[in-house]
Trainee: 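This is the structure I have questions about; it appears just below.
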Amino acid sequence: MGIFSKIKEALKKTKENLGGAIKSLFSRNKIGDDFYEELEEILISADISVATAEETVEELRAEVKKEKLKDEEYVVSLLKDILEDTLTRAEVPEIEYPAVIMLIGVNGVGKTTTVGKLADYFLRNKKSVTVAAADTFRAAAADQLTIWAERAGVRIVKHEEGSDPSAVVFDALSSVKAKGTDVLLVDTAGRLHVKANLMEELKKISRVISREYPQAHVYKLLVLDATTGNNAINQARLFDEAVELDGIVLTKLDSTAKGGFVISLCGELEIPVIFVGTGEKIGDLELFNPEEFIDSIL
């Protein structure tokens, strides 16, 4: 199965909901006030935020009025263009090497699994990888990461449960510098965005990286569970305020019927989605492609 097929399959539920509702709308309504009002409701029902839905519909209305074209194919194509533009407001950072990538987020979103998938992704792209088990709070977190590291075939640096996460990162940095490793992936403890002490721990890890490995390119990626929908936007906003995110990794995209929140995430917060999980296997992680995403939901 190709990359596009995987994303298309993962977004099948969203397409059935959103694409089906829009097709039905064209069969019932002529383009006018009622049409635009119902379109806005359809977008909101797919977990596109109210603000993004209103902005999208207003832009669509203005373009349709200007071009004086009202056939379904043209209007849907225009809607796709507007949504794709919204998705690309945030510039995707080009990963430079040596790279240190911190994976952060709340508990249960799939951070540890994502570390394993990212390790496999970078190996497929001919980069050497080490992972650091900096989640020292959760019982057996390092054991779980060890399993993923073994699956990917990469080195892991870990300490005893309850150790200082920054000490783990310090040792991992020493190792990757000595070996000339391309990518260090840091698995951090799941944290509620309201827990100030855990947020401070993230900042401490960041300071250790800056001090010990100033020549490294550091990326802070927030792992978000796609099934949380619009709640993910609030998570992203709070984490971004705390640590200045570089991008997002979306997990469980294949388990949601409301993938529209991704559009609001990029449009309102201007934080780019960089990677997307498309299944449970180690190779089920791909670079996010806005055009493919929109084609897969409409």
Side-chain angles (χ1 to χ4, degrees), residues 86-106 109-122 124-125 127-132 134-135 165-166 168-169 172-173 176 181-191 193 198-226 228 232-253 261-277 285-290 293:
T86 305
L87 277 178
T88 54
R89 272 183 205 164
E91 192 175 342
V92 176
E94 186 177 339
I95 294 176
E96 297 181 73
Y97 305 95
V100 177
I101 300 175
M102 291 172 60
L103 280 298
I104 64 177
V106 301
V109 293
K111 277 192 308 303
T112 303
T113 303
T114 298
V115 172
K117 289 181 176 182
L118 279 170
D120 178 72
Y121 170 84
F122 285 111
R124 281 186 274 138
N125 284 277
K127 300 298 177 188
S128 53
V129 181
T130 293
V131 300
D135 179 356
S166 296
V168 179
V169 173
L173 291 168
V176 299
T181 306
D182 297 314
V183 182
L184 173 63
L185 299 170
V186 181
D187 185 24
T188 67
R191 60 205 72 220
H193 35 262
L198 285 173
M199 284 297 195
E200 284 305 314
E201 188 62 61
L202 282 181
K203 292 174 185 174
K204 184 179 174 186
I205 290 171
S206 293
R207 288 195 298 272
V208 168
I209 296 167
S210 298
R211 185 186 71 227
E212 299 300 324
Y213 203 4
Q215 62 269 50
H217 303 274
V218 182
Y219 306 91
K220 296 166 191 165
L221 303 188
L222 177 66
V223 181
L224 286 177
D225 178 340
T228 58
I233 298 172
N234 295 327
Q235 279 182 33
R237 183 178 284 113
L238 289 162
F239 274 105
D240 189 41
E241 286 169 2
V243 296
E244 294 184 18
L245 299 170
D246 295 290
I248 286 162
V249 183
L250 276 180
T251 64
K252 306 178 191 176
L253 197 60
F261 79 93
V262 179
I263 296 159
S264 308
L265 193 66
C266 297
E268 290 177 34
L269 302 186
E270 296 193 10
I271 305 167
V273 175
I274 302 177
F275 295 99
V276 59
L285 185 94
E286 308 292 348
L287 284 171
F288 180 72
N289 183 308
F293 181 85

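This one's a predicted model, so the numbers in the text were calculated from it and none came from an experiment.
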Trainee: Can a donor-acceptor pair be found between the side chains of D135 and T188 at a distance below 3.5 Å?
Mentor: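 The answer is no; no qualifying pair exists.
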Trainee: Please list, chain by chain and in numerical order, all residues satisfying side-chain contact (heavy atoms from CB on, under 4.5 Å) with S264, sequence neighbours excluded.
Mentor: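 Scan of S264 (side-chain contact (heavy atoms from CB on, under 4.5 Å), adjacent residues dropped) gives I48, S49, T52, I233, E268.
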Trainee: Is there a side-chain contact between V273 and L265 (heavy atoms, below 4.5 Å)?
Mentor: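 They are in contact (side-chain heavy atoms under 4.5 Å apart), so the answer is yes.
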Trainee: Can you classify the ring geometry of F122 versus F275 as parallel (below 30°), tilted (30 to 60°) or perpendicular (above 60°)?
Mentor: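 Taking F275 first and then F122, their aromatic rings stand perpendicular (interplane angle over 60°).
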Trainee: Using modelled atom types only, decide if a donor and an acceptor are shared between the side chain of Y219 and the backbone of E96 within a distance under 3.5 Å.
Mentor: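 Yes: the side chain of Y219 pairs with the backbone of E96.
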Trainee: For V249, run the side chain to side chain contact (heavy atoms under 4.5 Å, CB included) check against I101, T114, L224, V109 and tell me which one passes.
Mentor: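 Only one option passes, and that is T114.
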Trainee: For the side chain of K111 and the backbone of V106, is there at least one donor-acceptor N/O pair under 3.5 Å apart?
Mentor: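 Yes.
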Trainee: Indicate yes or no for a side-chain donor-acceptor contact from R89 to the backbone of E270 under 3.5 Å, with no hydrogens or angles considered.
Mentor: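 No, the answer is negative, given that no donor and acceptor are paired below the 3.5 Å cut-off.
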Trainee: Main chain of K220, side chain of D246: is a donor-acceptor contact present, judged purely on distance under 3.5 Å?
Mentor: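 Yes; at least one donor-acceptor contact below 3.5 Å.
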Trainee: What pairs of residues pass the salt bridge (Lys or Arg N to Asp or Glu O under 4.0 Å) test when at least one of them lies in residues 113-122, not counting sequence neighbours?
Mentor: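 Every pair satisfying salt bridge (Lys or Arg N to Asp or Glu O under 4.0 Å) with a residue in residues 113-122: D120-R124.
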Trainee: I'd like to know if the side chain of T251 pairs up with that of D225 as donor and acceptor (distance under 3.5 Å, no hydrogens or angles considered).
Mentor: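 Judged by distance alone, the side chains do not pair up.
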Trainee: Looking at E94, I want to see if its CD is surrounded by more than 12 non-hydrogen atoms of other residues, nucleotides or ligands under 6.0 Å.
Mentor: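 No.
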Trainee: Against V115, only a single residue in V186, V223, L185 fulfils side chain to side chain contact (heavy atoms under 4.5 Å, CB included); can you say which?
Mentor: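 Going through V186, V223, L185 one by one, the side chain to side chain contact (heavy atoms under 4.5 Å, CB included) with V115 is satisfied by L185 alone.
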Trainee: List the residues meeting salt bridge (Lys or Arg N to Asp or Glu O under 4.0 Å) with D240, not counting sequence neighbours, and say none if there are none.
Mentor: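 Per chain and number, D240 pairs via salt bridge (Lys or Arg N to Asp or Glu O under 4.0 Å) with no residue.
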